[in-house]
Novice: 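I have a structure here, written as structure tokens, and I will follow up with some questions on it.
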Amino acid sequence: MRPGTESQMMLGELNPCGGGDSIPLMQNRLLVGRRSRCDITLRFKNVSSHHCELELKNGYWHIRDLGSSNGIKVNGMRVDTKCLMPGDQVMIARHTFTIEYMIESDAPPPEDESPFAMSLMEKAGLETSRVRESGSQREARSRRSSVSQEDDFLMEWLSDD
């Protein structure tokens with residue numbers, strides 16, 4: 001625990017599976033990684049310098065991968081972002097923790113974002129959301145960040161059914 005944090009309220013904790021000291025969750029947003037500047041420092045070679053972020057939103061903890069090399073898993077499933085329930089197993093690189101906290105909200109947990117809600121090109125920031133109707137494909141293409149005509153041709157060819 002950092003000096004001066006004794007008076008803060010603990011918002012939950014990460015308990016290492018297989019033993020070890022629990023990690024108190026003392027802020028609404030926590031950066032997890034290998035760097036000493038991170039809120040939660042995991043000094044392992046397979047943990048990225050800025051691996052993931054934990055955030056308490058509307059009474060529920062959420063985890064978000066920050067483009068790490070070895071990813072994150074929740075209950076054995078690799079995820080980019082996920083709402084965490086008390087007792088979920090969180091794997092950061094190859095280090096597994098159980099998250100424990102009290103739900104402080106009457107609201108139901110938010111639905112997880114569908115992995116198919118966005119195309120890979122959109123996730124990479126190479127295009128904005130596409131409209132599926134053939135007449136508006138030109139409008140969707142014009143909204144994309146500048147790409148060559150060859151790329152436009154390939155994208156159109158890939159989106160044909």
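The figures here come from the full heavy-atom set of this structure, side chains too, leaving out hydrogens, waters and symmetry mates. All figures in this text were calculated on a predicted structure; none of them were measured in a lab.
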Novice: If we only count heavy atoms from C-beta on, is the His50 to Leu31 side-chain gap below 4.5 Å?
Specialist: yes
Novice: For residues Cys83 and Lys57, determine if any side-chain heavy atom of one lies less than 4.5 Å from a side-chain heavy atom of the other.
Specialist: no
Novice: What is the minimum heavy-atom distance between Tyr101 and Gly59, and which atoms define it?
Specialist: CE1-O, 3.5 Å
Novice: Do Thr96 and Val90 have side chains that get closer than 4.5 Å, going by heavy atoms?
Specialist: no
Novice: Kindly write out the residues that satisfy side chain to side chain contact (heavy atoms under 4.5 Å, CB included) with Leu56, not counting sequence neighbours, or none if the list is empty.
Specialist: Leu11, Asn28, Trp61
Novice: Please round to the nearest 0.5 Å and tell me the distance separating atom CD1 of Ile72 and atom OG of Ser48.
Specialist: 11.0 Å
Novice: Can you tell me how far CE of Met77 sits from NZ of Lys82, rounded to the nearest 0.5 angstrom?
Specialist: 8.0 Å
Novice: Side-chain heavy atoms under 4.5 angstrom apart, residues restricted to Ile, Leu, Val, Met, Phe, Trp, Tyr: same cluster for Phe44 and Met91?
Specialist: no
Novice: Are a donor atom and an acceptor atom from the side chains of Asn70 and Asn46 found within less than 3.5 Å of each other?
Specialist: no
Novice: Please confirm whether the backbone N or O of Gly71 pairs with a side-chain atom of His51, one donor and one acceptor, at under 3.5 Å?
Specialist: yes
Novice: Measure the CG-CD1 distance between Leu54 and Ile23 for me, rounded to the nearest 0.5 Å.
Specialist: 9.5 Å
Novice: Salt bridge check, Glu53 against Arg29: does any charged N sit closer than 4.0 Å to a carboxylate O?
Specialist: yes
Novice: Check whether any side-chain heavy atom of Tyr60 sits under 4.5 Å from a side-chain heavy atom of Met85, and report yes or no.
Specialist: yes
Novice: Using side chain to side chain contact (heavy atoms under 4.5 Å, CB included) as the criterion, point out the one residue from Asp80, Thr81, Ile63 that pairs with Cys52.
Specialist: Ile63
Novice: Looking only at non-hydrogen atoms, find the nearest pair between His95 and Val47 and report the distance.
Specialist: CD2-CG2, 3.8 Å
Novice: Tell me the closest heavy-atom pair linking Leu30 and Asp39, and the distance in Å.
Specialist: CA-OD2, 3.4 Å
Novice: Do Val32 and Cys38 come within less than 4.5 Å of each other through their side chains, counting heavy atoms only?
Specialist: no
Novice: About how many Å separate OG1 of Thr98 and CG of Leu14, when rounded to the nearest 0.5 Å?
Specialist: 9.0 Å
Novice: In chain order, what residues pass the side chain to side chain contact (heavy atoms under 4.5 Å, CB included) check against Glu13, with sequence neighbours excluded?
Specialist: Met10, Asn15, Ser22, Glu100
